[in-house]
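Here the structure is a predicted model, which is why all the values come from computation and not from measurement. Lettering follows sequence order; numbering is per chain, from 1.
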There are 4 protein chains.
Amino acid sequence: MATRITRTSGAMRKAPKQARSRATIDAILDAAAHILGERGWSAFTTNAVAETAGVSIGSLYQYFPDKLALIDAVRRRHFDDVLAVLQAGANPEIPRTRRIAALVDGMIAVHSRHPAAHRVLMEESPRGDTSRSAHDRFELACRKAYEALFIANASGGSHHVRLAAQVLAGALAGAVHEAARQGQLASPVLRWELVTLVNAYLSRARPVSVSRSEKVPAVRV
Amino acid sequence: MATRITRTSGAMRKAPKQARSRATIDAILDAAAHILGERGWSAFTTNAVAETAGVSIGSLYQYFPDKLALIDAVRRRHFDDVLAVLQAGANPEIPRTRRIAALVDGMIAVHSRHPAAHRVLMEESPRGDTSRSAHDRFELACRKAYEALFIANASGGSHHVRLAAQVLAGALAGAVHEAARQGQLASPVLRWELVTLVNAYLSRARPVSVSRSEKVPAVRV
Amino acid sequence: MATRITRTSGAMRKAPKQARSRATIDAILDAAAHILGERGWSAFTTNAVAETAGVSIGSLYQYFPDKLALIDAVRRRHFDDVLAVLQAGANPEIPRTRRIAALVDGMIAVHSRHPAAHRVLMEESPRGDTSRSAHDRFELACRKAYEALFIANASGGSHHVRLAAQVLAGALAGAVHEAARQGQLASPVLRWELVTLVNAYLSRARPVSVSRSEKVPAVRV
Amino acid sequence: MATRITRTSGAMRKAPKQARSRATIDAILDAAAHILGERGWSAFTTNAVAETAGVSIGSLYQYFPDKLALIDAVRRRHFDDVLAVLQAGANPEIPRTRRIAALVDGMIAVHSRHPAAHRVLMEESPRGDTSRSAHDRFELACRKAYEALFIANASGGSHHVRLAAQVLAGALAGAVHEAARQGQLASPVLRWELVTLVNAYLSRARPVSVSRSEKVPAVRV
DNA sequence: AATGAATGAGAGTTCATTCAT
DNA sequence: TATGAATGAACTCTCATTCAT
């Protein structure tokens, strides 16, 4: 039950020198992503990945020194895809409304293929050292994309662009996750609501200041 | 690494008849919540819980038929706490602004003790049968709390109250999760931004209709 | 899975001094026999016995030092019953035919209450030291009863009365066990066949001498 | 102490592709049979089997999905051996006297290697689904072999051939088991008595009809 | 390079037995 | 004396990883 991963895993055991190697690696990554998305983290065993990929377990370990390196590779590849989505909507030439729509559509698309995989990669699976920088680059890129929306939009005037961008990112991701869990990703109403959410927050209808409510019940855990 | 849980677990094995039992059960639940929050699901082994609780593994199994029943019990106890928070802000007599603030403060409070625990309980750990009804009651209560905000507020006029409430719930949870991950739960700015988010969405600044953006890059996984 | 019994168990921890003790012991023995017969050896746990008997596990251990002593006590009590059956048919005044019928009926009766219990007691459950002498007395009495049949019947003229008696005992027990397994204990035809079996063997229709068959295939295990 | 087996086990986990596998499987089965025969069911733990076989516990589980599948495999292999013995004596060309001798010798041989193993396999150890059909085939073959003796022998004229065959099978098995327990399997006198038993029953010296004896003492358990 | 048999630490769970109350 | 909570050794089974072929 525990994650028996101790070794600090290096990136990839060997660089693909031949086309065959590259094909093997891709088969392994595809199989890994597939299992993660369809059957979840608990079914993600190295033996299962190797079998699904149609290679021997020995071959898998020839390319990935351990399980951590494997999941990191999957994550890296997934990040690239998501970044492509985000940047497609980052062009400042496009009107803001259209960019918001592109953002929402992109997020929906990201979660539509294998709804579980994204969440598993982001939240459930352990991170190796390799993943660190890739993950940082990813978060940076995401933040930039969201910040760009705020910056382009002077109306709100928040001086906490960075935190606001983070809130927006978390909110959109959370709403999409929940919709994915409910199987509503394809709903046009959902899309509309998400667009509304982003738009409204960017427009920042100013609330009246509120003081901290006096009594919040204690919460265990 | 895998979650080797198959048996469908019943609630609790035996009702405590002596005061000592109750103390043991509480120690176990506290230890379970603590491990879950501080060290995550992968460190959540029955033996670790028993040891942390200062009881023998046999005692743990005297009260919880299996690991699933244990995690379910933790979840149920946590749900009760969260529900208390939500209902504290559900009183329609209180002005909307104040209720929103209470909601945000409640969510922040919920995640402040063991930031990871909430997420782990909600997303990462498997659910037993026992948990099902408790979870349903919980989701219903959450939805009601959020819907109440929309209903009280006629301005938006959305006919999809339920979905909008779900979007808001997911968005707020996501933003809070992300803030918890960044260690910003105590920040007043964060609180302000979350209040702004809820307020803005409830006010539903109507965006101009947007057509689906033509090209969204494909996303693997 | 293993039988974790190591201690050499003494007979019974304390002699029943009061009527209440006697009642408790009987309740425990009844519960033990019941579980053994209805649910088999694998369900025969000390906790289950205590619960079925309606006493605490502590009380059980007050009277039986360990599980071995308990099962031995059950066995002893069962032996007494079987011996009573056997001796009822041992009276030499009664004609042989009638005695054989009584023997067969007795064996059928012995297995009719809880078909599984007899087998479990005889074959499946471990024997403690206490049981040794009781078991010896039992086997002796059985043998005597069977030998009496041979002795009364001079016709066969076997000089190996003891071994023949043992063969007869084993054969009858085996046939009855098999019938019990098939649920045929109540069948009159079965009874008739068993009587025939005993009768025929006692009459010892002399077979022609046979030489050892030359080739018997080897058998593993 | 209890048999903690619940899962319904499938046959064998994977077919051996290399010679090494076959050797491992055989070593495991041999070790399993050995432990069963020499030290009984209670010593039959998966770790003990693996250790005796000189392989790791992991290897054992590579080929047998669980303990049930292992014991079933042992049983199947044993059945095959016993069937070979029985059929060796089933040839109708051979005179009846010789066939009876072959049967008795076969049964003695079956129990001579590991006297306890046969009994344990037949009576004491739990059965998986795999074992079911093999066991049925086995019982059928046994019955056929015994029935053949009755059918060939018109003298008795019993119309209950099937039940008579079952009685004979049970009787012979019981007598052999008892002899095995007493360590008398090698005794020529025992062999002679067994032959006599079978012969006598087949010849069915007709007993005078007997009425059910009136009073059979009650038997507990 | 590739294969897949083998390994073994470690996780979940049971139950005979003890001992504070 | 009686109770039942507590104990922990022992057992079944998994899966990341290695290595002979």
Side-chain angles (χ1 to χ4, degrees), chain A residues 1-7 14 18 20-21 24 44-48 50-51 55-63 65-68 70, chain B residues 1-7 14 16-21 23-25 44-48 50 55-68 70, chain C residues 1-7 14 18 20-21 24 44-48 50-51 55-62 65-68 70, chain D residues 1-7 14 16-21 23-25 45-48 50 55-68 70:
Chain A
M1 200 139 234
T3 302
R4 237 165 303 153
I5 292 182
T6 49
R7 187 194 329 189
K14 62 201 292 183
Q18 304 170 6
R20 184 149 60 111
S21 298
T24 301
F44 187 77
T45 70
T46 52
N47 281 284
E51 191 181 3
V55 304
S56 70
I57 181 67
S59 292
L60 188 154
Y61 275 87
Q62 201 114 64
Y63 294 107
D66 55 29
K67 197 177 177 177
L68 226 47
L70 175 58
Chain B
M1 200 142 225
T3 302
R4 232 163 308 150
I5 293 183
T6 47
R7 187 182 343 176
K14 66 199 278 185
K17 290 178 184 171
Q18 301 179 2
R20 192 160 42 131
S21 303
T24 299
I25 290 178
F44 187 77
T45 70
T46 52
N47 281 284
V55 303
S56 71
I57 182 63
S59 289
L60 190 156
Y61 277 92
Q62 194 126 55
Y63 297 107
F64 303 96
D66 54 31
K67 198 177 173 175
L68 227 48
L70 174 58
Chain C
M1 200 140 235
T3 301
R4 237 164 303 151
I5 292 181
T6 47
R7 181 178 355 171
K14 64 199 291 180
Q18 306 169 6
R20 183 149 60 110
S21 298
T24 301
F44 187 77
T45 70
T46 51
N47 281 285
E51 192 181 2
V55 303
S56 70
I57 182 64
S59 291
L60 189 155
Y61 275 87
Q62 201 114 62
D66 55 29
K67 197 177 176 176
L68 226 48
L70 174 57
Chain D
M1 201 141 223
T3 302
R4 233 162 308 150
I5 292 183
T6 47
R7 186 181 347 176
K14 67 199 278 186
K17 289 178 185 172
Q18 299 180 2
R20 192 158 43 129
S21 304
T24 300
I25 291 178
T45 71
T46 51
N47 280 289
V55 303
S56 71
I57 183 64
S59 289
L60 189 156
Y61 277 92
Q62 194 125 56
Y63 297 107
F64 303 95
D66 54 30
K67 197 176 175 176
L68 226 48
L70 175 57

Using the side-chain heavy atoms of [X], tell me which of these nucleotides is nearest: [options].
X: A:Tyr63; options: E:dA2, F:dA6, E:dA6; answer: E:dA2
X: A:Thr46; options: F:dA16, E:dT3, F:dA6; answer: F:dA16
X: D:Val55; options: E:dT7, E:dG12, E:dC15; answer: E:dT7
X: C:Lys67; options: F:dA16, E:dA16, F:dA6; answer: E:dA16
X: D:Ile57; options: F:dG4, F:dC13, F:dA2; answer: F:dC13
X: A:Tyr61; options: E:dA16, F:dT18, F:dC11; answer: F:dT18

If pairing requires Watson-Crick or G-U wobble contacts with both distances under 3.5 Å, which nucleotide is the partner of [N]?
N: F:dC13; value: E:dG10
N: E:dC15; value: F:dG8
N: F:dA20; value: E:dT3

Query raised in the report: Atom OG of B:Ser21 and atom CD of B:Gln62: how far apart are they, to the nearest 0.5 Å?
Result: 8.0 Å
Report summary line: DNA chain F nearest-nucleotide lookup for B:Thr24 and D:Gly58: closer to the 5′ end is B:Thr24
How long is the line joining [atom1] of [X] and [atom2] of [N], in whole Å?
X: D:Asp66; N: E:dT13; atom1: CG; atom2: C1'; answer: 16 Å
X: B:Leu68; N: E:dA11; atom1: CG; atom2: C1'; answer: 15 Å
X: C:Leu60; N: F:dT1; atom1: CG; atom2: C1'; answer: 15 Å

Using every non-hydrogen atom in the two residues, find where [X] and [Y] come nearest and quote the distance to one decimal.
X: D:Lys67; Y: D:Thr45; value: NZ-CA, 4.2 Å
X: B:Ser59; Y: B:Thr24; value: CB-CG2, 4.5 Å
X: D:Ala50; Y: D:Leu60; value: N-CD1, 3.9 Å

Report task. Compare side-chain N and O positions of A:Ser56 against OP1 and OP2 of E:dT3 and report whether any pair is under 4.0 Å apart. Result -> yes
Query raised in the report: Would you say F:dA2 has OP1 or OP2 under 4.0 Å from some side-chain N or O of C:Gln62?
Result: yes
Report task. Quickly, which of B:Tyr63, B:Phe64, B:Tyr61 forms a side chain to side chain contact (heavy atoms under 4.5 Å, CB included) with B:Leu70? Name it, please. Result -> B:Phe64
Query - First encountered from the 5' end of DNA chain E, between A:Asn47 and B:Ser59 - result: A:Asn47
